[in-house]
Amino acid sequence: MFEELRKIGIVPVVSIDDAENALPLAAALWKGGLSCVEVTFRTAAAERSIALIRNAYPDMTILAGTVLNKDQADAAIKAGADVIVAPGLNTRMAEYCLERKYPYIPGVCTPSEIETAMEYGLRVLKFFPAKASGGLKMLEALHAPYGDIRFMPTGGIGIEDVREYLSKDYILCVGGSWIASTSLISEGRFDEIKRCAAEASASVRKIRQDSL
Ligand code: 3PG
């Protein structure tokens, strides 16, 4: 699953207010060339949205984002999410997810948090909030002592930052809400979402080609 995320390169982070929008949204991302989505538990429609997307797009990689407690983690996995993602590292949640073998990507932005995550055997971590924490410069500094950690930076990242981030081997993929913002979703602007997804996937392809 982590290799799949590396291949895709960009994870659209979405907040869906109405589960009715889940399938048109997934269709727009899929047609735009992005076969993954992080559905955040910032809205009550998250669980149902994940279930709908899982059913219609069995091959889509679905991350459940902003998972802050055990009930949300259980609901996300039951609905069909592949992985639990959180903005921070909560050791009780880490224990809960590991006991149940739920793949878990907690958020970190300090050396101490990275070391705590390593104690749990976690090697793929979200770097959040990426831009406000110092962006690539900070990540480069964090990578130096923790060479085998792979990061998924999110928070304040836009299409213009993708090339710089994905040029680093230790960055698995980047995430962001710019591809499908809450307003684009709630206004039903799925053509625009498809356009942003196509732009994002084309940019990943170009970066990969240029690095050959
Ligand atoms: C996340 O949860 O990953 C972030 O809120 C996404 O950040 P962005 O909205 O700044 O892209």
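One-based numbering, in listed order, for ligands and for the atoms of each.
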Name every donor-acceptor pair, under 3.5 Å, that has one atom in a side chain of residues 128-145 and the other anywhere in the protein, sequence neighbours excluded.
unit_1: Ser133; atom_1: OG; unit_2: Pro129; atom_2: O; d: 2.6
unit_1: Glu140; atom_1: OE1; unit_2: Tyr170; atom_2: OH; d: 2.5

Is any side-chain heavy atom of Ser181 closer than 4.5 Å to one of Ser15?
no

Check each protein residue for a heavy atom under 4.0 Å from ligand 1 and list those that pass, ordered by chain and number.
Val13, Arg42, Lys126, Phe128, Thr154, Gly155, Gly156, Gly176, Ser177

Let me have the donor-acceptor pairs involving side chains of residues 1-11, under 3.5 Å, with sequence neighbours excluded, atom names and distances please.
unit_1: Arg6; atom_1: NH1; unit_2: Asp169; atom_2: O; d: 3.2
unit_1: Arg6; atom_1: NH2; unit_2: Asp169; atom_2: O; d: 3.3

Is any side-chain heavy atom of Thr66 closer than 4.5 Å to a side-chain heavy atom of Gln72?
no

Side-chain donor-acceptor pair present, Tyr96, Asp74, cut-off under 3.5 Å
yes

Residues in salt bridge (Lys or Arg N to Asp or Glu O under 4.0 Å) with Arg100, at least two apart?
none

